Novice: 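Can you keep this structure in mind? I'll have questions shortly.
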Amino acid sequence: MTGSHRAATTTRRGTGGAARDRRSGRTRIRIVLAAAVSLLVLVTAGAGWEYLRLNGNIDTFGADGISDHRPAAASDGQNVLVIGSDARTAGNSELGGGDKNDIGRSDTAFLLHVYADHRHAVAVSIPRDTLLTIPPCKLPDGSWTETRHQAMFNEAYTVGSTAEGNPACTQNTVEKLTGLRVDHTVVVDFKGFSALTEVVGGVEVCVPQDIYQKDLNPGRATRGKRLFTQGVQTVSGQKALDYVRIRHGIGDGSDIGRIQRQQAFVGSLIKKVKSDGLTPTKLLPLADAATTSMTVDPGLGSADKLVSFAMSLKDIDLNDTRFVTVPWRYEGARVAIVEPDAGALWAALKADRTLDGQDAGGGSDADGKGTDASKDTDASKDTDASKSADEEAPAEDISATVRNGTRVTGLAARAAAVLEASGVTVTGTATASSQDHRTTVIEYGPGREAEARTLARLLGTGELRSTTGGGLDVVLGQSYADQAPGTSSGADSATASPAPSEVPAEVAEGARTADEDLCAALSYG
């Protein structure tokens, strides 16, 4: 009996131990789950705090300085103006020298066109000494300047003589020059550039010859220390800044030569970032470095918008990321834009044509690349009422007349050339019944609104008006004359000659890709 009791007791103790083990196991599971949830919360909170911190870093410039007379927005692609500022404020003077109370200036600038297929991009550099028209820009007191002709491009950034510069004026000037709407503007100063190169662990560059301090600062009495040794090397921080800013001692010492080295540097930077992985985890440290010394338009004024824009570039191959300089020639010590070559380049970008003539307008084929518009199927031409009211029609399906409603000689021919370069059939050009049209009007008959929208996009401007007739008629106003490259009131027909139907061969052949040999074509001359 004693043994039975002991057995029973042992059995009861064993059952209780198992229960305790089960409770202990459930407790451990709950602890693990709680820890996992806590970790997830902490990570999520950390990301949230990171985004909040980045948002606090970002400075924006006022949209009230952006012109009211702007080109029409592109359907799906984007144009981003990138300005390198040599402002001496907020610690930048230690990196670039100069008077810390000096006004902000633009050291370099390029317009990045991201095609609608999000698989191609081209950056067009505009030399800072380029002679062009600076349209009216807003001053700090709220007034607006008068239009300035034959002004240097980098003078737009100094309008108002403020320490932070005037990015809105530079944006207005680029829109005036190109006829393309600038969707976003980004200004990066010395500190931001320097920090960015350090975060990525340096950028590989090629130096064609030994470079000394006197090459960076020609005013020095002696050659000074050697800053760079000839050959391929990795640079970051101050040394990276010296590399992209150096002008003398390489090639012909021109700003054009410096632009070519800057293009090679940006290509190498993109290559490094993509090789590290274009993920939010990798982008956040880059964004932190960049945003500490970055000024953007209000449309990019938050961390999520910046990271989202960067992520939208992830599918662009290095070979499909190209760099060119606007067609140019020397005019004394300055740079003049060559027409109609530049006009052909802007027209190609507006039509989402790559430099080699490929349609990158967002269509897709087997490998995901853009397809030629001539391959559109009947399905793409469907006019079902369920389609969006802002839908466009393929340019190849459009026929229209073009009339000049201004006193700018040759404007109708120039607009016709832009439209024909995109595939539109222009059935005739003429002078409108009056030449005092301020805005461009596109009159369309029943069922042709989609075609009218396409014309407005290709021209960069246009108010749509429905008519009872069945035609499609473009009446050009001063809005088109103001933005059309190479036109001015009273210009003769030679000055306003039509742009060619494709990008000139020398422009396309002179383009640099992001994966090109680092030591190739580093200097003009």
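Scope of the values below: all heavy atoms of this structure, side chains included, with no hydrogens, waters or symmetry mates. Residues: numbered from 1 along the sequence shown. Bear in mind that the values here come from a model prediction, so they are computed numbers and not experimental data.
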Novice: After noting the C-alpha distance and the side-chain angles of Phe265 and Phe193, does the key distance pass the ring-ring contact (aromatic ring centres under 6.0 Å, His included) rule?
Specialist: CA-CA 12 Å; Phe265 185 93; Phe193 176 87; 5.4 Å; yes
Novice: Would you tell me whether Thr406 and Gln478 have side-chain atoms, one donor and one acceptor, within less than 3.5 Å of each other?
Specialist: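 No - no donor-acceptor pair under 3.5 Å links their side chains.
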Novice: Between Glu155 and Arg148, does any side-chain N to carboxylate O distance fall below 4.0 Å?
Specialist: yes
Novice: Are any of the side-chain nitrogens in Asp255 or Arg258 under 4.0 Å away from the carboxylate oxygens of its partner?
Specialist: yes
Novice: Under 4.5 Å between any side-chain heavy atoms of Cys169 and Tyr157, yes or no?
Specialist: no
Novice: Is the backbone N or O of Ile246 less than 3.5 Å from a side-chain atom of Arg261, with the two atoms forming a donor-acceptor pair by type?
Specialist: yes
Novice: Hey, are Arg414 and Glu339 close enough for a salt bridge, meaning a charged N less than 4.0 Å from a carboxylate O?
Specialist: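 Yes, charged N to carboxylate O under 4.0 Å.
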Novice: Can you give me the closest heavy-atom contact between Val187 and Ser85, atom names plus distance?
Specialist: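 Of all heavy-atom pairs spanning Val187 and Ser85, the closest is CG1-CB, 3.7 Å.
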Novice: Taking side-chain hydrogen bond (donor to acceptor under 3.5 Å, both in side chains) as the criterion, tell me which of Arg457, His113, Gln358 meets it with Asp352.
Specialist: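 With Asp352 as partner, side-chain hydrogen bond (donor to acceptor under 3.5 Å, both in side chains) holds for just one option, His113.
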Novice: Whether Asp317 and Arg119 form a salt bridge (side-chain N of Lys/Arg under 4.0 Å from carboxylate O of Asp/Glu) is what I want to check.
Specialist: no
Novice: Might you confirm whether atom CD of Glu506 has over 12 heavy atoms from other residues, nucleotides or ligands at distances under 6.0 Å?
Specialist: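 Yes, because the 6.0 Å sphere around CD of Glu506 holds more than 12 heavy atoms from other groups.
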Novice: If you take all heavy atoms of Val503 and Ala508, which pair is closest and at what distance?
Specialist: CG1-N, 4.1 Å
Novice: So, using side-chain hydrogen bond (donor to acceptor under 3.5 Å, both in side chains) as the criterion, who are the partners of Asn154 when residues are at least two apart?
Specialist: none
Novice: Going by atom types only, do Ser67 and Glu175 share a side-chain donor-acceptor pair under 3.5 Å?
Specialist: no
Novice: Is there side-chain contact between Asn79 and Thr178, with heavy atoms separated by less than 4.5 Å?
Specialist: no
Novice: For residues Ile316 and Val114, determine if any side-chain heavy atom of one lies less than 4.5 Å from a side-chain heavy atom of the other.
Specialist: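 Ile316 vs Val114: side chains touch.
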Novice: As a test of understanding, state which of Val203, Val188, Leu269 forms a side-chain contact (heavy atoms from CB on, under 4.5 Å) with Leu196.
Specialist: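 Per the side-chain contact (heavy atoms from CB on, under 4.5 Å) rule, the option paired with Leu196 is Leu269, out of Val203, Val188, Leu269.
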Novice: Using only atom types and a distance under 3.5 Å, with no angle test, would you say the side chain of Thr185 pairs donor to acceptor with the backbone of Val296?
Specialist: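 Answer holds: no.
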Novice: Is there a donor-acceptor contact under 3.5 Å linking the side chains of Thr439 and Ser479?
Specialist: no
Novice: Looking just at side-chain N and O atoms, do Asp297 and His184 make a donor-acceptor pair shorter than 3.5 Å?
Specialist: yes
Novice: What I want to check is whether the side chains of His149 and Thr133 have a donor and an acceptor closer together than 3.5 Å.
Specialist: yes
Novice: Side chains of Glu198 and Ser236: donor-acceptor distance under 3.5 Å anywhere?
Specialist: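 The criterion, which ignores hydrogens and geometry beyond distance, is not satisfied for Ser236 and Glu198.
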Novice: Under a 3.5 Å distance rule, please check whether Asn166 uses its side chain to pair with a backbone N or O of Val159 as donor and acceptor.
Specialist: yes
Novice: Is it true that a side-chain atom of Thr130 and a backbone atom of Pro127 form a donor plus acceptor pair closer than 3.5 Å?
Specialist: yes
